[in-house]
Amino acid sequence: MFTDSHCHLNRLDLSRHDGKLSGAIAAMKAANVSRAMAIMCDFAEFDDIRAIVNEFSDDALNLGMSVGIHPCEDLAVLKSATVERLVKTASDNKVWAIGETGLDYYWSTENKAEQQASLARHIYASQALKKPLIVHTREAKDDTLDILKAENAEHGIIHCFTEDWETAKRALDLGFYISFSGIVSFKSAQTIRDAAMKVPRDRILIETDSPYLAPVPKRGKPNEPAFVPFVASCLADMFDMRAEEVGSLTARNFENLLAQYA
Ligand SMILES: [Zn+2]
């Protein structure tokens, strides 16, 4: 069984499934994906994602969601994420985590200060609710880690990890889990694979970040949660394990993360 720790279920390209989300859900079940966390990037998405989680959760598929504002959102959206609003929205029992938040200096350099302030507010909400923080970081690793440390963030995920071992080590030392996406399977990603080899096995998660970043051998196609076993399979080759074993291991890690302060 596999857990997709990060997917954008409300944004999938459903052309492969006749435009029906139920098709993508059936594909997940057929691929032994038994749990997934649907990620929110803007409050405007909350109702849609909450409805999806409600409609498609059953005995075979455990769906949850996150609440947070992506660092690449407009200034007004970033500012809308007050601690009070985050805590209130994320108190719902189907909300498993806070995010995705973080810093992205690749897509957006003009809002650096506001991104940093938003990250800090997400950390406070995560601490208030004892729900893990989901961190996105791109070309901003030092500022990201400095803020996590300064605000005593110790419970969460560095999602779609694309940095080196030194960065992974700093995040691990704070208490974070490291989640690998399909990027780890790309030919050019040797630095990420080198880091993955050193991450303690009990701190690794896997994700699709679908509809983005489809793993090899689906690279270039629209990504979907049913492809998370390919990420497991890439790590399994590196670890000399079976994909199913990486699936069980990362599913257990995800459970431990959610239960950390329960
Ligand atoms: Zn994402």
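Order of appearance sets the numbers: ligands from 1, and atoms from 1 within every ligand. For clarity, every value in this text was computed on a predicted model and none was experimentally measured.
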(request) Go through the side-chain N and O atoms of Thr167 and Asp164 and say whether any donor and acceptor fall under 3.5 Å apart. (result) yes
(request) For the Zn ion (ligand 1), check which protein N, O or S atoms are under 2.8 Å away and list them. (result) His6 NE2, His8 NE2, Glu100 OE2, Asp209 OD1
(message) Clusters formed by hydrophobic residues whose side-chain heavy atoms approach within less than 4.5 Å: which one holds Phe230, and what are its other members?
(response) Phe227
(request) Say whether, by atom type as modelled, one donor and one acceptor occur between the side chain of Gln115 and the main chain of Cys72 under 3.5 angstrom. (result)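 Answer holds: no.
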(request) Report yes or no: does Glu55 contribute a side-chain atom to a donor-acceptor pair with the main-chain N or O of Ala51 at less than 3.5 Å? (result)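 Not a single qualifying donor-acceptor pair exists.
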(request) Determine whether the aromatic ring centres of His155 and Phe176 lie less than 6.0 Å apart. (result) no
(message) Quick test of your reading of the model: are Glu114 and Arg121 salt-bridged, counting only N-O distances below 4.0 Å?
(response) yes
